[in-house]
Amino acid sequence: MSIDLLREGTVIPAHPLALTERRTLDERRQRALTRYYLASGAGGAAVAVHTTQFEIREVGLLRPVLEIAAEVVAKEADRPFVMVAGACGDTAQAVAEAELAASLGYHAVLLSPKVPGAGEPELLERARAVGEVLPVIGFYLQEAVGGRRLSPSFWRSLSEQESLVAIKMAPFDRYRTVDVVRAVAASGRGDDIALYTGNDDNILADLLTPVQGRRVVGGLLGQWAVWTRSAVLMFEEVRRAWAGDDEVLRSLLARAADLTDANGAVFDVAGGFHGCIAGVHEVLRGQGLLAGTWCLDPNEGLSPGQAEEIARVRAAYPWLVDDDFVAAHLDDWLR
């Protein structure tokens with residue numbers, strides 16, 4: 001049922017990591033974040049992905065972080081909720097992480113394309129092996145944060161694997177996004193593979209405009225880790241636009257550049273994405289969901305002027321924030 005929801009299209013935030021000032025796991029706030037996404041109406045969450053910080057694997061936090069989200073959802077979700085686990089590393093590591101996720105009740109695996117030394121054939125074999133454990137979500141990651149160019153033939157071959165259920169398109173490049181859509185269509189499995197935007201610089205345009213005749217049905221986004229209730233309401237408007245509401249369509253198109261501007265502040269485009277995770281934390285800190293902006297890597301943090309930029313977009317785009325919603329529920333989420 002959750003895979004059906006994934007194929008239908010939904011809002012999937014990339015789940016952050018809650019830390020104490022000593023950079024240890026803050027379990028209470030970690031649970032609060034998952035409750036926030038549930039209460040906001042998101043259709044799922046992606047855990048152990050870039051926004052969760054890949055370094056969780058180096059400090060023994062992969063299992064605890066996956067467990068906490070899975071436990072909250074199992075106990076408190078009263079509707080289908082797609083649990084996506086990130087998996088990294090070579091084939092052996094990715095399969096082991098997928099097996100851990102499967103044992104905890106996760107529904108699909110988002111495969112990081114960052115595998116040093118691996119060519120496209122090795123990436124395809126890794127996806128095939130992981131797909132024997134859980135359904136796979138392919139991931140086209142922008143080069144600015146460690147991604148790489150992948151050929152149309154790679155995407156076609158990946159799409160031909162029956163375990164592939166979705167692709168997160170996040171190359172931040174319109175030409176490469178079109179490459180993926182064309183490859184999915186050429187694979188003959190277009191009806192089985194859901195297209196998700198990860199292009200945080202082009203969210204509304206991706207959701208509103210067909211690509212090669214195909215719809216992008218949802219988003220799996222670090223941007224949606226913040227102001228999530230507003231993201232859900234916006235996604236509902238997207239569906240109304242697709243159903244023929246031209247007034248809503250015009251309103252969304254008028255806000256598309258505003259959302260990109262806000263993302264530029266949160267993700268620290270001016271600083272070369274150095275503060276992208278800390279920027280997400282800064283928004284959540286301002287709402288009381290996190291105690292600080294700490295990252296596992298002490299060298300990661302807000303860039304100069306980034307906090308002021310985030311404050312600017314909060315004031316400029318009141319339709320985007322969900323501060324009142326968070327304030328009304330925060331004590332319950334932090335219980």
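Note that this is a predicted model, so its numbers are computed, not measured. What's counted below: heavy atoms across the whole structure, side chains too, no hydrogens, waters or symmetry copies.
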NZ/NE/NH1/NH2 to OD/OE distance under 4.0 Å, [X] and [Y]:
X: E236; Y: R240; answer: no
X: E247; Y: R250; answer: no
X: R229; Y: D324; answer: no
X: R239; Y: E8; answer: yes
X: R255; Y: E237; answer: yes

Flag for S40-D322: side-chain donor and acceptor within less than 3.5 Å:
no

Here the gap from D26 atom CG to R31 atom CZ, rounded to the nearest 0.5 Å, amounts to 11.0 Å

Here the gap from D192 atom CG to S163 atom OG, rounded to the nearest 0.5 Å, amounts to 11.5 Å

With no hydrogens and no angle check, is any side-chain donor or acceptor of [X] less than 3.5 Å from a backbone partner on [Y]?
X: R215; Y: A194; result: no
X: E160; Y: S187; result: no
X: Q223; Y: D200; result: no

Residue pairs, two or more places apart or on separate chains, that pass ring pair (Phe, Tyr, Trp, His ring centres under 6.0 Å) and touch [range]:
range: residues 14-60; result: H15-Y37, Y36-W333, H50-F54
range: residues 196-228; result: none
range: residues 285-323; result: none
range: residues 131-153; result: Y140-W155

With sequence neighbours left out, the residues meeting salt bridge (charged side-chain N to carboxylate O under 4.0 Å, His left out) with R176 are E143, D173

Across all chains, not counting sequence neighbours, the salt bridge (charged side-chain N to carboxylate O under 4.0 Å, His left out) partners of D206 are R174

